[in-house]
Peer 1: 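This is the structure I want to talk about, given as structure tokens.
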Amino acid sequence: MNEFIEYFQPIVAALKTQRAQWQLGVIALGLAAAWLMAKLIKPRLSSPTPSWKFGAGSAVRLLFPLLALLFVWSAKVFMSKSGSTDILKFAVALLLSFALIRFSIYVIRHVFPPSALLKSWERIIAYTVWVGVALYMTGLSEPIIDFLSELSFKVGKQEVSVLQVFLGLVSIVATLLIALWLARLTENRLMQAKHMDLNLRVVLGKFARAMLLVLAVLIVLPLVGIDITLLSVFGGALGVGLGIGLQKIASNYISGFIILIDRSIRIGDLITLDNRTGTVTQMRVRYTVVSYADGTDALIPNENFVTSTVINHSFFSPKVLVRMPISITYADKLEQALQVAADCAQKHNRVASEPKAETFIKQFTKEGIELELTFWVADPQNGLQTVRSAIYKNIWDSFRQHEIEIFHDKK
């Protein structure tokens, strides 16, 4: 117990000095100023329509540590001219680690979807940063760094240390995470630009993601000591690989950009491919998601939309023409049947008001007269079967009221 007290006596004595008390006061003042400024700025960032937004959500959690770090660091620079600033140096290191942890977690949360694995990574990052700060403060970081530098192995003719591998992995992960976060930020901003065509927004978003990832690779390779000229060799090998085994994948990627640029297919379009009709719900670089009325989703390679015949019911207009066959007997009043069927369709809330629903005589048979009811539906992506069923029900009720008989082919 006495040894424990003796260990902290120099620290307590140092804190009683006037210089140390000034530093503690500056830290307290900096924390208070940072808290006050964060409180004033927070409503501006958290409003429903913020004038400044830092990614998918406001950066409220980053405000306090960053502002506190700015104030304390500025005080350290100013007071270092007149004497020791060990306490301020310690506070700067703690605030920097605190800000780094929050920023890392913030970026990860906006790159990956919520999951148990994500929470584990958040804890790993926090523990790693705090352990690094503890090692730095206790002076143990230098011998550990020297030890890791001495542990090395050869890769070809080049000798690589464990420290280089560790720093390289950290640089790669950090650079790629920041690139993915900036790509997500860019895509979100583009998707909010309602004045721009949807396909153009998707194209620009995917292009920005690809360019940011390429830029991240070009930045991180020199950081880990890899010559960028090696990319020319890698590019040649990649070209051979694409030519031999990745033709389909490359074709799907190229086809994806083609259909996004020429806008032949857009999100929300009702299309028919391979005798199946569905709505385009997502457009990815490699495939397109088409949702069908039975609740199933098909992941269709983009190449199919370029090489196959696709019926796009919404290419020029989102409205779709629906045809419904009806048959009556020769004893019924033909003009009345034509009008009643058209009125039943026009009363449905999903049937377009223009062009109006019409009923035509299709042909005469031995048993009776075949009619065809036609009308336009403005929102075919919500399904057509419910509309047909409801209109057939109305026609049945109306025909019974007007004593119009519906016949069916006995064959």
Side-chain angles (χ1 to χ4, degrees), residues 264-281 288-301 304-411:
S264 56
I265 297 173
R266 293 160 293 188
I267 295 176
D269 283 358
L270 185 71
I271 65 169
T272 298
L273 180 65
D274 295 333
N275 297 323
R276 294 197 68 186
T277 301
T279 304
V280 178
T281 56
T288 297
V289 181
V290 179
S291 300
Y292 298 109
D294 58 1
T296 59
D297 295 322
L299 308 182
I300 303 176
N304 292 15
F305 294 98
V306 177
T307 59
S308 304
T309 301
V310 181
I311 300 175
N312 190 340
H313 304 277
S314 311
F315 188 72
F316 290 108
S317 172
K319 293 189 292 187
V320 172
L321 179 66
V322 180
R323 304 174 186 272
M324 293 173 51
I326 307 169
S327 301
I328 62 174
T329 64
Y330 285 106
D332 296 318
K333 297 178 180 178
L334 178 59
E335 292 293 337
Q336 188 178 35
L338 294 172
Q339 187 61 44
V340 168
D343 291 342
C344 289
Q346 200 63 57
K347 290 177 183 178
H348 196 280
N349 59 355
R350 289 184 56 195
V351 174
S353 57
E354 290 293 337
K356 293 184 177 298
E358 293 183 281
T359 311
F360 302 94
I361 302 172
K362 190 174 182 181
Q363 65 177 346
F364 296 100
T365 65
K366 293 181 179 180
E367 291 79 11
I369 307 172
E370 290 188 2
L371 309 178
E372 185 175 64
L373 172 63
T374 62
F375 55 88
W376 294 84
V377 176
D379 55 347
Q381 68 274 9
N382 295 325
L384 299 175
Q385 193 61 36
T386 55
V387 179
R388 288 194 181 97
S389 178
I391 293 176
Y392 268 134
K393 177 65 170 55
N394 293 337
I395 291 174
W396 171 261
D397 294 336
S398 297
F399 275 18
R400 291 184 66 183
Q401 291 177 4
H402 293 86
E403 298 180 349
I404 300 174
E405 184 180 352
I406 298 176
F407 86 87
H408 63 89
D409 190 354
K410 296 180 180 179
K411 296 179 181 180

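Below, all heavy atoms of this structure are taken into account, side chains as well, without hydrogens, waters or symmetry copies. Quick note: residue numbers are just sequence positions, from 1.
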Peer 1: Salt-bridge test for R400 and D397: reply yes if a basic N is under 4.0 Å from a carboxylate O, no otherwise.
Peer 2: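 Here R400 does not pair with D397 in a salt bridge, since their nearest N and O are not under 4.0 Å apart.
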Peer 1: Do F399 and I326 have side chains that approach each other closer than 4.5 Å (heavy atoms only, starting at C-beta)?
Peer 2: yes
Peer 1: Should we say atom CG of N275 is surrounded by more than 12 heavy atoms from elsewhere, each under 6.0 Å from it?
Peer 2: no
Peer 1: Show, in sequence, the C-alpha distance, side-chain angles and deciding distance for L384 and V377, and conclude whether the side chain to side chain contact (heavy atoms under 4.5 Å, CB included) test is met.
Peer 2: CA-CA 8 Å; L384 299 175; V377 176; 4.0 Å; yes
Peer 1: Looking at every heavy atom in both Y392 and P325, which two are closest together, and how far apart are they?
Peer 2: OH-O, 2.9 Å
Peer 1: Can you tell me how far CD1 of I271 sits from CD1 of I311, rounded to the nearest 0.5 angstrom?
Peer 2: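 Here the interatomic distance stands at 10.0 Å.
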Peer 1: How far does SG of C344 sit from CD1 of I391, to the nearest 0.5 angstrom?
Peer 2: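 Reported to 0.5 Å precision, the distance equals 8.5 Å.
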Peer 1: Does the side chain of T374 reach to within under 4.5 Å of the side chain of L321, using non-hydrogen atoms?
Peer 2: yes
Peer 1: Just how far is it from atom CD1 of I328 to atom CD1 of I404, taken to the nearest 0.5 Å?
Peer 2: 7.0 Å
Peer 1: I need the Q363 CD to S327 OG distance, nearest 0.5 Å.
Peer 2: 8.5 Å
Peer 1: Would the distance check show the side chain of S389 and the main-chain N or O of Q385 forming a donor-acceptor pair, the cut-off being under 3.5 Å?
Peer 2: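 Looks like no, no N/O pair under 3.5 Å.
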Peer 1: When you look at CD of E354, are more than 12 heavy atoms from neighbouring residues, nucleotides or ligands closer to it than 6.0 Å?
Peer 2: yes
Peer 1: How many angstroms lie between OG1 in T279 and OH in Y292, if you round to the nearest 0.5 Å?
Peer 2: 10.0 Å
Peer 1: Search all heavy atoms of T365 against all heavy atoms of Y330 and return the closest pair with its distance.
Peer 2: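 Between these two residues, the closest heavy atoms are O-OH, 2.5 Å.
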Peer 1: Supply the atom-to-atom distance S308 OG to I300 CD1, rounded to the nearest 0.5 angstrom.
Peer 2: 9.5 Å
Peer 1: I need the single residue from E370, E372, E358 that forms a salt bridge (Lys or Arg N to Asp or Glu O under 4.0 Å) with R323. Which is it?
Peer 2: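 For R323, the salt bridge (Lys or Arg N to Asp or Glu O under 4.0 Å) test succeeds with only one of E370, E372, E358, which is E372.
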Peer 1: Taking all atoms of both residues into account, what is the closest heavy-atom pair of T288 and F305, and its distance?
Peer 2: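 Taking every non-hydrogen atom into account, CB-CE1, 3.6 Å.
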Peer 1: Shortest non-hydrogen contact from V310 to N304?
Peer 2: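 Nearest heavy atoms, V310 then N304: CG2-O, 4.4 Å.
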Peer 1: What pair of heavy atoms forms the shortest contact from L373 to T359, and how long is it?
Peer 2: CD1-OG1, 3.5 Å
Peer 1: Side-chain donor-acceptor pair under 3.5 Å between Q339 and D343, yes or no?
Peer 2: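 Present: a donor and an acceptor within the cut-off.
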Peer 1: Might you work through the side chain to side chain contact (heavy atoms under 4.5 Å, CB included) test for L334 and I361, ending with a clear yes or no?
Peer 2: CA-CA 9 Å; L334 178 59; I361 302 172; 3.5 Å; yes
Peer 1: Main chain of M324, side chain of R388: is a donor-acceptor contact present, judged purely on distance under 3.5 Å?
Peer 2: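 Between the backbone of M324 and the side chain of R388 there is no qualifying donor-acceptor contact (under 3.5 Å).
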Peer 1: What do the steps show when you test L371 against I369 for side chain to side chain contact (heavy atoms under 4.5 Å, CB included), and what is the final call?
Peer 2: CA-CA 6 Å; L371 309 178; I369 307 172; 3.8 Å; yes
Peer 1: For E403 versus D332, what's the shortest heavy-atom pair and its separation?
Peer 2: O-OD1, 3.7 Å
Peer 1: Is the shortest heavy-atom distance from the side chain of V387 to the side chain of H348 under 4.5 Å?
Peer 2: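 Heavy-atom side-chain distance check passes, below 4.5 Å.
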Peer 1: Would you call W396 and I406 a side-chain contact if the rule is heavy atoms closer than 4.5 Å?
Peer 2: yes
